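First the structure, in the form of structure tokens, and then the observations on it.
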Amino acid sequence: MTRKPSVAFQQGINGARDTLPLLVAAMPFAIVYGAMAISEGLSSWTALGMSVMVFAGASQFIAVTLLASSTALPIILLTVFVVNLRHMLYATSLMSKVVHLPQRLKIIMAFTLTDETYAVVSNRIHQLQRNPPHPAPGDHQLLHYYYLGSALAMYSNWVFFSAAGVLLGEQVPDMTSWGLDVAMIVAFVGIIVPALKNHSYWACAITAGSCAAFTFDWPNQTGLLFSALVAIIVGITLETLFKTQDSPMKTDSNSFRETQG
Amino acid sequence: MTDWGLIFAMAILTFTPRYLPFGLAGLVTIPPLIESALNYVPVAVLSAIVIQNSLIRDGAIEFNLYNHHLIATIAALITALLSRHLLITIAVGLISYGMARFFI
């Protein structure tokens with residue numbers, strides 16, 4: 001892999017650029033986290049240290065909430081662990097893209113894996129599958145620069161605005177009731193919809209949503225994981241059924257690509 | 001001291017599930033069926049997150065006009081279907097949220 005650094009750098013910039021809407025959406029989330037940590041009695045350095053070392057929005061919110069209600073430490077840690085299990089699904093789906101990378105890059109990429117970077121990178125993967133780059137077959141191998149650009153932008157954004165939240169939290173005490181989390185929710189909607197490319201993806205989304213509505217009161221967000229798993233099974237089952245019914249002769253994956261163009 | 005101990009433990013517990021599949025990449029082979037099933041991960045997880053944070057508010061299903069998050073989500077959904085543009089979707093979602101809070 002002897003590449004001009006500028007090509008790699010350009011990929012990184014592209015990754016950060018495509019993450020921009022999500023950076024904007026994550027800003028209020030980070031600010032509210034910082035403000036909430038302060039109002040729940042954490043010291044400024046602890047609140048900020050958590051953003052620097054843990055870098056996982058949902059876990060940090062939950063940890064702060066549970067700390068405030070003086071929940072036992074093992075329960076807090078178990079909750080944090082379960083809440084982050086969805087990242088294991090993300091990482092598993094990216095396995096084939098990181099297999100060739102050196103260990104230290106895998107560690108950095110794993111540490112900075114978030115909902116947002118995963119969403120942007122999987123969008124990019126879909127894009128590359130639909131329009132394979134003809135003159136530049138190396139684009140797939142450059143994917144990690146794109147990933148890192150997105151991830152580092154998310155990380156610095158998160159740390160910076162957590163700090164802003166810590167400072168603001170000392171002055172504006174009731175910011176957590178402003179409902180700023182709505183930015184993240186509508187951003188996710190904007191990511192999901194373009195990814196619904198056929199029936200099985202629609203079925204997957206609808207299953208996930210309906211299941212989530214019935215399992216929301218399961219402890220430690222296990223309902224979220226359960227819903228996702230059921231929806232994935234529904235999606236892949238429909239895909240397999242459609243494939244065997246509609247096109248019994250087409251067995252290679254290229255046939256799908258051709259019907260798209 | 002216990003605060004930093006907690007942070008350290010949290011860091012390990014969040015890093016492990018993120019890293020494990022990356023660490024195993026190349027050592028284990030994923031069957032093709034699982035490989036294609038994993039394509040559904042983003043849509044499945046994000047859809048569940050959206051519903052649990054819009055339709056569900058304060059620990060209950062809130063299917064009514066006073067659920068401003070739900071109104072914003074529906075507005076964003078319609079916008080995304082029509083425009084397929086992330087920034088426009090976010091903008092319309094946020095504006096709808098602001099208007100719902102103000103008027104309803």
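If you're wondering where the values come from, they're calculated on a predicted model, not measured in any experiment. Just the heavy atoms: all of them, side chains too, but no hydrogens, waters or symmetry mates, feed the values below.
Of the two parts of L77(A), the backbone and the side chain both hold a non-hydrogen atom closer than 4.5 Å to a non-hydrogen atom of chain B. S200(A) touches chain B through backbone and side chain together, each having a heavy atom under 4.5 Å away. Within the 4.5 angstrom heavy-atom criterion, no atom of I206(A) approaches chain B. In this structure, chain A has a heavy atom under 4.5 Å from the side chain of I51(B), while its backbone stays farther away. Contact of I30(B) with chain A is made through the side chain alone, with heavy-atom distances under 4.5 Å. Both the backbone and the side chain of L77(B) come within contact range of chain A, with heavy atoms under 4.5 Å apart. In this structure, the portions of Y201(A) lying under 4.5 Å from any heavy atom of chain B include both its backbone and its side chain. Of the atoms belonging to T46(A), heavy atoms from both backbone and side chain fall under 4.5 Å from chain B. Both the backbone and the side chain of I90(B) come within contact range of chain A, judged by heavy atoms closer than 4.5 Å. Contacts between I12(B) and chain A at a heavy-atom distance below 4.5 Å are absent for every atom of the residue. If you measure heavy-atom distances from L67(A) to chain B, the contacts under 4.5 Å come from the side chain alone. Of the atoms belonging to A75(B), not a single heavy atom falls under 4.5 Å from chain A.
Shown here for C204(A) and V43(B), the closest heavy-atom pair between the two residues is SG-CG1, 4.1 Å. When all heavy atoms of A91(A) and P17(B) are compared, the closest pair comes out as CB-O, 4.5 Å. N53(B) approaches I185(A) most closely through the heavy-atom pair O-CD1, 3.2 Å.
Of the inter-residue distances, the one linking T19(A) atom OG1 with L86(B) atom CG reads 10.0 Å to the nearest 0.5 angstrom. Interatomic distance, OG1 of T14(B) versus CZ of F55(A), reported as 10.5 Å (0.5 Å rounding). Here the OG1 atom belonging to T16(B) is positioned 10.0 Å from the CG atom belonging to N84(A), to the nearest 0.5 angstrom.
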**Message:** Does Y40(B) form a side-chain hydrogen bond (donor to acceptor under 3.5 Å, both in side chains) with S93(A)? I'd like the steps, not just the answer.
**Reply:** CA-CA 9 Å; Y40(B) 290 88; S93(A) 87; over 6 Å; no
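Within the 3.5 Å criterion, the main-chain N or O of L113(A) finds a donor-acceptor partner in the side chain of R18(B).
Taking the side-chain hydrogen bond (donor to acceptor under 3.5 Å, both in side chains) definition, one finds that Q127(A) meets it with R124(A), sequence neighbours left out.
Of the residues considered (L20(B), I49(B), L94(B)), I49(B) shows the highest number of contacts with chain A, using heavy-atom pairs under 4.5 Å.
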